[in-house]
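In what follows, a structure is listed as C-alpha cells, so that the remarks can point back to it.
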Amino acid sequence: MYALVDCNNFYCSCERVFDVELRNKPIVVLSNNDGCVISRSQESKDLGIKMGAPYFKIQELCEDKGIFVRSSNYTLYGDMSHRIKQVLDLFSSNIEDYSIDESFLDLSDIPNKSLNEHGMDMKQTVYKWTGVPVSVGIAPTKTLAKVANHYAKKNSFTGGVFVINSVKEAEEILKQEAIEDVWGIGRQWSEKLRWKFNVTNAYELSQLDILKARSFLNKLGIHTIREINGQNCIELELESTTAKSLMRSRSFGRGVSTKKEMKEAVAEYATRAAEKLRQKKLVARNFSVFMRTPKYRDDLAKKYSYGVFELDVATNNTLEIVSKALETVDKIWSSGYVYGKAGIMATDLEEEGNVQQNLFIPLNNKNDKLMKALDVINNRFGKDCIKVGAMSKENNTWHMKRRFHSNRFTTNWDQLMIVHCISSVS
DNA sequence: TCTGGGGTCCTAGGACCC
DNA sequence: TCTGGGGTCCTAGGACCC
C-alpha cells in the first residue's frame, strides 16, 4: 500500500503559520512578478477565486472582499517542505519526495486494519510539529492513492485521511473523481476522453477498453488506466535521479528594450544557473539562451530569439558560463523590440566528478577553487556579496515585482519572528 | 499598466549506418 | 528488368506533472 501525503493549499498554509492575522481568512499567493494566483486558501476558493487567475483581473475583488495577498516566498516554502519531510521520515523508511508539497510513502509494513490510524497519526504529527495541515490518501497504487487523497480533501467526515483497500469497494469513490482530476490525465486527454468516448470520471476510465485507449494515449496514459484498476505500473522512486536539464528564467518587472539591460539580466540568470549546478554538484557543456517579447501583449511586435553555445569541457563555473552567455546575447540580439522575459538552460548535465576532459586543453582547476571561495563568502555574508561585474546593481527596475513578500522567517537571522512577552514573573 | 517557473517522458520522422 | 531489411541516434513537438 502507498500513502500520498499532500499539504493543503501549501503556500497559503505556510504564510498562515507565521502570521496569525491570516488564520481563517481568505488568502491568495501570487506567482513570480505578482502575475497570477498559484495558491488559494479554502476561504478564497469559496469566494470564487480561480487557480491561475491573473492578479490584475481580481485585484478589485480582493480589495472588496478583504482577501489577503502575498507574493511567493519560495525560500520559506522550501524550508517548510523540508521540515515536513523530516516528520514523515518517522512514518516509513521508503519515501518518495515527489514535489514541494507531496510525498509518497511505502506502507507495506503496516497491517491493513491500522492504515487509517497510521494516516491520522501522520496528519496530526505534521500539523502539531510544523503547523501545516495535510491530507492523506492510502491505496494499492500511486494513482489510486491520489484519488483517495482528493476524496479525503473534499469530504470533511473523513477527517483528512482516506483508505482505498481494493478497487471493488472503490467504485463509488472513483465515480466522484472527475476525469480531468485523475493523475496523469491532463486537459488535452480529458477533453478527448469526454468527447470521443464519453468518459467523464475515473470509474468510466477504468472500464475503457485498452485497445481503444491506445489509439490516442501514449504508454503513460495506458499506465494510468491500469493503475486505476489496481495494477501497479508506477514504482516508488526512492533515489532522486540526476537532473537532466536546469533552467533559470524570469519575466521582467517592466519591458526591456536595450541590450545593456538584457545583458545584465542574462548575466544574473547565468550566475543563478551556475550556482544551482554547483549546489547540485553537476556540470554542463551545452547551454541555450533565449529572450522573448511578452506572451499576452498583442499590441507589441512579437519576437523570440534563441541561441546555443557549447563549451570544450563541461563546467559549472560562473565566469565561463556568464561570458559565453553574454556572447550569445550579442549574436541573437535584435533591437526595436520590448522584451518581457529571458533565460538560460543547461542540458546534458553530468556529475561533477565524472567530467570528460579534453585531450587538447590543459587541466586547470584554478577557477574551481575560486568558485568554492565565492560560494563560501556569499553563503556567509549574503547573496551577491561578490558577483560578476556584468550583473546590474540591486533593485534595478526590470527586476521582478514582489510587492507583497513575507519574511524569510526560518532561514534569515534578520527576519526571525519577534515575540513580545507581556507577562512577568512575580 | 498587468497573465510564473521548472521539470519529465514519449513519439514520429529524418539522417545515418551496414 | 530489378531497388530489402534491420538497425541507431537525434530532434522537435506534444503530452503530462507540480
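Keep in mind that this is a model prediction, so the values were computed, not measured. Quick note: numbers below take in every heavy atom, side chains included, and nothing from hydrogens, waters or symmetry partners. Below, read A as the first sequence line, B as the second, and so on, with proteins coming before strands; counting in each chain starts at 1.
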Practice problem: Using heavy atoms and a sub-4.0 Å distance, could you list which residues of residues 244-260 of chain A are near DNA chain B? By number, please. | Solution: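 Per residue number, the list reads A:Lys244, A:Ser245, A:Leu246, A:Met247, A:Arg248, A:Ser249, A:Arg250, A:Ser251.
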
Quiz item: For DNA chain B, which residues in residues 38-62 of chain A have a heavy atom at a distance below 4.0 Å?
Solution: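 Here the set is A:Pro54, A:Phe56, A:Lys57.
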
Residues [X], [Y]: salt bridge by 4.0 Å N-O rule:
| X | Y | answer |
| --- | --- | --- |
| A:Glu43 | A:Arg16 | yes |
| A:Lys244 | A:Asp348 | no |
| A:Lys280 | A:Glu352 | no |
| A:Arg272 | A:Asp384 | yes |
| A:Asp330 | A:Lys259 | yes |
| A:Glu350 | A:Lys281 | no |
| A:Lys25 | A:Glu21 | no |

Taking [atom1] from [X] and [atom2] from [N], how many angstroms apart are they, rounded to a whole number?
| X | N | atom1 | atom2 | answer |
| --- | --- | --- | --- | --- |
| A:Glu96 | C:dC17 | CD | P | 15 Å |
| A:Asp101 | B:dG6 | CG | C1' | 15 Å |
| A:Glu102 | C:dC17 | CD | P | 11 Å |
| A:Ile222 | C:dA15 | CD1 | P | 16 Å |
| A:Asn9 | C:dC18 | CG | P | 15 Å |
| A:Asp299 | B:dT3 | CG | C1' | 14 Å |
| A:Tyr296 | B:dT1 | OH | P | 18 Å |
| A:Tyr98 | B:dC9 | OH | P | 12 Å |

Quiz item: For A:Lys154, does the NZ atom have more than 12 heavy-atom neighbours from other residues, nucleotides or ligands under 6.0 Å away?
Solution: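 Yes, the 6.0 Å shell around NZ holds more than 12 heavy atoms from other groups.
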
Quiz item: CG of A:Asn24: more than 12 outside heavy atoms within 6.0 angstrom?
Solution: no

Quiz item: Does the ring centre of A:Tyr339 sit less than 6.0 Å away from the ring centre of A:Trp333?
Solution: yes

Quiz prompt | Near-ring test A:Tyr2/A:Trp183, centroid separation under 6.0 angstrom | solution = no

Quiz prompt | Consecutive-pair stems (at least three Watson-Crick or G-U pairs, under 3.5 Å) that include DNA chain C | solution =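 DNA chain C stems, ordered by first number: B:5-18 with C:5-18.
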
Quiz item: So which of residues 185-192 of chain A are in contact with DNA chain C, with a heavy-atom cut-off of under 4.0 Å?
Solution: A:Ile185, A:Gly186, A:Arg187, A:Gln188, A:Trp189

Pick base, sugar-phosphate or nothing for [X], based on heavy-atom distances below 4.0 Å to the nucleic acid.
| X | answer |
| --- | --- |
| A:Asp34 | nothing |
| A:Phe10 | nothing |
| A:Val37 | nothing |
| A:Lys276 | nothing |
| A:Ile100 | nothing |

Practice problem: Report yes or no: do A:Asp34 and A:Ser71 form a side-chain donor-acceptor pair below 3.5 Å? | Solution: yes

Quiz item: Judged by modelled atom types alone, do A:Asn9 and A:Ser41 share a side-chain donor-acceptor pair under 3.5 Å?
Solution: no

Quiz item: Is A:Lys219 near enough to C:dC16 that one of its side-chain N or O atoms lies under 4.0 angstrom from OP1 or OP2?
Solution: no

Quiz item: Who are the ring-ring contact (aromatic ring centres under 6.0 Å, His included) partners of A:His399, not counting sequence neighbours?
Solution: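 Scan of A:His399 (ring-ring contact (aromatic ring centres under 6.0 Å, His included), adjacent residues dropped) gives none.
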
Exercise. Mind checking side chain to side chain donor-acceptor pair (under 3.5 Å) for A:Asn412 and listing every partner two or more places apart, or none if nothing turns up?
Key: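 Result, side chain to side chain donor-acceptor pair (under 3.5 Å) vs A:Asn412: none returned.
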
Practice problem: For A:Lys280 and for A:Leu220, locate the closest nucleotide of DNA chain B by heavy-atom distance; then report the residue assigned to the nucleotide nearer the 5' terminus. | Solution: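 Its nearest nucleotide lies further toward 5', so the answer is A:Lys280.
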
Quiz item: A:Arg292 or A:Asn218: which one's nearest nucleotide on DNA chain B is closer to the 5' end?
Solution: A:Arg292

